[in-house]
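Bear in mind that the values here come from a model prediction, so they are computed numbers and not experimental data. Numbering of ligands and ligand atoms starts at 1, following listing order. The residues of the chain are indexed from 1 along the displayed sequence. Side chains are part of it too, since the values below use all heavy atoms of this structure and drop only hydrogens, waters and symmetry mates.
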Amino acid sequence: MQHFFVKPEQITGNKIIITGEDVKHIKNVLRMKHGEEISISNGVDDNEYRAEISQIGEDEIICDLLFVKEDGVELPVMFTLFQGMPKSDKMELIIQKAVELGVARVVPVETARAVVKLDGRKAQAKTERWRKISEAAAKQSKRAFVPEVTLPMTMEEAVRMAGKLDISAIPYELAKGMDTMREFVEKVKGLANRSKDGDSLIPTAGIFIGPEGGFTEEEVTLAAETGIVPVSLGRRILRTETAGMAVLSILMYETEI
Ligand code: SAM
């Protein structure tokens, strides 16, 4: 079933009004008709609104609300993936898989060894493209909101952002043994359980993944000084596009409701 995102104000009573690019997509690409069912999220609550197309207009489509699924789809922790900028279009794959695995935000990071360095205009254009990837993956996986993709940041800026989260880790291939990773996962589980018990604030956690060339020692030290824990992901070297997925899969498995 096709999934769309609307703003909360587009849901009034038992009517949902779809506007913007989705109108053309529904009419001209999907060629959907009166009576067909779609699922909708409002980007704010964790509900899925199931609706039926009732009127197809020039610039808007009016749907009749059928029912609301309140069991939610979001993880009890808001994960931010701080991804060292990879070569070629790997970032698109990384974003797509991270969104399916429940990430809440992706921050591209221009680390010292990141081969790709984007200037202003290019960074804006790339980020627009990555945001579309995030939206498409969010629709496909029926997320309650479209995970944010920020403009690229320096490692210093990313570490500062992570310093405001409840907990963060930096997988580092020179870290030894799995104890630190297991401790990190246990702490995230503890945060998730507090959230499941109805603690008001949704806990936040960050994961730093280096580019193909990895992190410099200085970058790992800078992160560690901010309380971001260096952890090992095992005795093999994972590709940059594998490492984030591996961590998010573990955290999704351990925190999913
Ligand atoms: N510099 C590394 C090397 O020796 O070839 C390659 C870096 S790896 C391709 C990219 C990133 O994935 C690393 O910076 C790290 O964040 C993560 N990573 C890969 N394998 C890892 C492992 N076994 N333990 C911890 N992190 C790992």
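For the ligand labelled ligand 1, residue Ala175 lies outside the 4.0 Å heavy-atom shell. Residue Pro211 places a heavy atom less than 4.0 Å from ligand 1.
With Ile18 as the partner, the side-chain contact (heavy atoms from CB on, under 4.5 Å) test is satisfied by one option alone out of Ile53, Ile62, Ile40: Ile40. Applying side-chain contact (heavy atoms from CB on, under 4.5 Å) to Ser134 and the options Val106, Val103, Val146 leaves one that passes, Val146.
The protein heavy-atom contact nearest to atom 11 (C) of ligand 1 is Gly210 O, 3.4 Å. Considering only non-hydrogen protein atoms, atom 15 (C) of ligand 1 sits nearest to Pro171 O, 3.2 Å. When hydrogens are left out, the protein atom nearest atom 2 (C) of ligand 1 is Glu173 OE2, 3.1 Å; that is the closest non-hydrogen contact.
Distances below 4.0 Å separate heavy atoms of Arg236 from the following atoms of ligand 1: 20 (N), 22 (C), 23 (N). Proximity to Phe215 (heavy-atom distance under 4.0 Å) selects the following atoms of ligand 1: 14 (O), 16 (O). Counting atoms of ligand 1 from 1 in the listed order, those under 4.0 Å from a heavy atom of Gly213 are 1 (N). Within ligand 1, counting atoms from 1 as listed, the ones closer than 4.0 Å to a heavy atom of Glu212 are 6 (C), 7 (C), 9 (C). Short contacts between ligand 1 and Tyr172, defined as distances under 4.0 Å to a heavy atom of the residue, involve ligand atoms 24 (N), 25 (C), 26 (N). Ligand-side atoms of ligand 1 in range of Ile237: 5 (O), 6 (C), 20 (N), range being under 4.0 angstrom from any heavy atom.
Using a cut-off of 4.0 Å between Lys/Arg side-chain N and Asp/Glu carboxylate O, Arg131 and Glu128 are scored as salt-bridged. A salt bridge is absent between Glu21 and Lys24; no separation between the charged side-chain nitrogens and carboxylate oxygens falls under 4.0 Å. Salt bridge Glu219/Arg113: absent, no basic N to carboxylate O contact under 4.0 Å.
Looking at ligand 1, you won't find any N or O of Ala243 less than 3.5 Å from one of its N or O atoms. Any N or O atom pair closer than 3.5 Å counts here, and Gly234 shares at least one such pair with ligand 1.
Considering Leu233, Leu238, Val247, Ile207 only, the shortest heavy-atom separation from atom 20 (N) of ligand 1 involves Leu238.
Here the NE2-CE distance, from His25 to Met32, works out to 9.5 Å after rounding to the nearest 0.5 Å. Taking CG of Leu191 as the start and CD1 of Ile202 as the end, the distance is 12.0 Å to the nearest 0.5 Å.
When all heavy atoms of Val68 and Asn47 are compared, the pair lying nearest together is CG1-CB, 3.6 Å.
Contacts between Val231 and ligand 1 below 4.0 angstrom, taking non-hydrogen atoms only, involve the backbone exclusively. Under 4.0 Å from ligand 1, not a single heavy atom of Arg235 appears.
No more than 12 heavy atoms of other residues, nucleotides or ligands lie within 6.0 Å of OH in Tyr253, so this atom counts as exposed by the packing criterion. Within 6.0 Å of NZ on Lys122 lie no more than 12 heavy atoms contributed by other residues, nucleotides or ligands.
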